[in-house]
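First the structure, in the form of structure tokens, and then the observations on it.
Lettering follows sequence order; numbering is per chain, from 1.
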2 protein chains.
Amino acid sequence: MEHGVDFAALAAGSGERPRTASEFVQRVLRAAILDGRIPPGTPLRQEALAEAFDMSRMPVREALRQLEAQALLEFTPHKGAVVAEISIQDQADTYLIRRALEPVAFARSIPHLTREDLDRAEDLVDDMDREPDHGRLGELNRRFHMSLYARAGSPKLLRLIERQLVEHDRYLRFHLARLGRDRMSQEDHRAMIAAAADGDISAATCVLHRHIDVAATESDRSFQYEKQ
Amino acid sequence: MEHGVDFAALAAGSGERPRTASEFVQRVLRAAILDGRIPPGTPLRQEALAEAFDMSRMPVREALRQLEAQALLEFTPHKGAVVAEISIQDQADTYLIRRALEPVAFARSIPHLTREDLDRAEDLVDDMDREPDHGRLGELNRRFHMSLYARAGSPKLLRLIERQLVEHDRYLRFHLARLGRDRMSQEDHRAMIAAAADGDISAATCVLHRHIDVAATESDRSFQYEKQ
DNA sequence: CATTTGTTGATTGGATCCAATTTTTACTCT
DNA sequence: AGAGTAAAAATTGGATCCAATCAACAAATG
């Protein structure tokens, strides 16, 4: 229990197992890193993880390599992996990237959005109002945004945006801890749906721009608050 | 030699070896995939690669996993890895992403560019004029662009852009095969340096926008030409 | 006393072997 | 002959073992 993280508990309670052990480890660790259960800087010892997951070191190694390629870990040869640090700079960069990419996807998607797409987006906003678990808000928020961009016809762009939203989750919990769910700008979300329903691209992207900018400045405060 | 790729030759002639065998394999395969020596769709058999690189299957496996996380391979459990396909859609998306991200980085970088940065950028443009090997033009072009964005103060944004430029390399050779180096818009490159030297952000980003748009439409033609 | 040099323990990198899964081949039955 | 099925081959996933490397500490030397 060197670093206060109960890896065995992580390994135990976690949905259905994928086909391979390696992928299982990868998903569990990924989720735990994103929501902060494994804090930045934690060294991940292969032997300890293998024992906690009750398997050999090999699938653990493969999982760690994949997480490294996703920039969630940092490897040093013969020294092993540590959870990548988070920083206010990184958070700011995430918003900078989202601000550049998401309006493009939104603008390209709006002309092809169907009634079903908009209904699904609205359902997700409602779900967010009801969801009691802060940890799951990130996923709902992500699915909401992605549902509005889904018709952009640019799979690679969408994958990239989704990745930014996932990395954003690493910081979202600070935001929620300080302000709670109420300030998650549900009005912005509904305004985006309305503008998209009207086919008003400039209005929609304008709301989105503001939405991301507000989130950026608020999250900046939340991060500084968290770190004193 | 099932798929006409001489893996042993790849393994043999390739610069200095990194610390670990896994990283060596990763770099060699990555370079070969990017410049098309291993064509899209090629299945990568662990046993064959291990023999070609004269090592066991294990470092090969780790390398393949990392390349998968970089979206250069696609894995199917118990079936193995194949080189990711390229498509005109993917190429278009790459330009869409570059168009959204690079001007942001350039605008943020310009106020902090030093004389040395600009000199280095100019050297790289000159190098591109002289470089006889088409395969290396991609790297020089990448380094040129990155040198202009280097002072943006957004490491994560820069990593993302560099990744796009690397993936761009997979398509660049079609462009060069059709038009040759002459049309690589060296004038744009020099115009970008000049505008940056003047501190004229809007002029610089304008040139960059046009530069990317022209490259996008030309590359689109090159791709269709290549595939008939 | 500071610095350097072995030495030991811990940890990762790599090799080899075994198990699980998929694909192919061969065979049977209609 | 053709479809379906069972056995065999090929290939990947996982376990175990050994080697290489790094960190910490002790001892020797200036």
Subject >> Over all atoms of both residues, closest heavy-atom pair of L118(B) and L148(B) >> reply: CD2-CD2, 4.4 Å
Original post:
Could R27(B) and E23(B) be called an ion pair, given the rule that one side-chain N must be under 4.0 Å from one carboxylate O?
Top reply: yes
Original post:
Out of dT23(C), dT16(D), dC17(C), which nucleotide sits closest to the side chain of K79(B)?
Top reply: dT23(C)
**OP:** Calculate the interatomic distance between H78(B) atom NE2 and dA9(D) atom C1'; express it in whole Å.
**Re:** 16 Å
Original post:
Is a donor-acceptor contact shorter than 3.5 angstrom present between the side chain of R61(B) and the base of dG14(D)?
Top reply: yes
Subject >> Whole-Å gap separating C1' (dA15(C)) and CZ (R57(A)) >> reply: 13 Å
Subject >> Residue P59(B), side-chain atoms from C-beta onward, closest of dT21(C), dA15(C), dG14(D) >> reply: dA15(C)
Subject >> T20(A), nearest nucleotide to its side chain (from dT21(D), dG14(D), dG14(C)) >> reply: dG14(D)
Original post:
Closer than 4.0 Å, any side-chain N/O of Q46(A) to the OP1 or OP2 of dG13(C)?
Top reply: yes
Original post:
Between H175(B) and F223(B), does the ring centroid distance fall short of 6.0 Å?
Top reply: no
**OP:** Take atom CZ of R19(A) and atom C1' of dT22(C), then tell me their distance rounded to the nearest Å.
**Re:** 12 Å
Original post:
What is the distance from CG of L64(B) to P of dT11(D), rounded to the nearest Å?
Top reply: 14 Å
**OP:** State whether R65(A) places a side-chain N or O below 4.0 Å from either non-bridging phosphate oxygen (OP1 or OP2) of dG13(C).
**Re:** yes
Original post:
What's the CD-P distance between E47(A) and dT16(D), to the nearest Å?
Top reply: 11 Å
Subject >> Test: R115(B) and D119(B) ion pair at under 4.0 Å >> reply: yes
Subject >> Between dC18(C) (P) and M55(A) (CE): distance, integer Å >> reply: 22 Å
Original post:
Looking at the side chain of S22(A), which of dG14(C), dG14(D), dG13(D) is the nearest nucleotide?
Top reply: dG14(D)
**OP:** Output yes when R151(A) and D117(A) qualify as a salt bridge under the 4.0 Å nitrogen-oxygen rule, no when they do not.
**Re:** yes
**OP:** Round to the nearest Å and state the distance from M58(A) atom CE to dT11(C) atom P.
**Re:** 18 Å
**OP:** Tell me what L44(A) touches on the nucleic acid: a base, only sugar-phosphate, or nothing, going by heavy atoms under 4.0 Å.
**Re:** sugar-phosphate
Subject >> Rounded distance (Å) that lies between atom P of dT12(C) and atom CD of E62(A) >> reply: 16 Å
Original post:
Is there a side-chain polar atom (N or O) of R45(A) under 4.0 Å from OP1 or OP2 of dT12(C)?
Top reply: yes
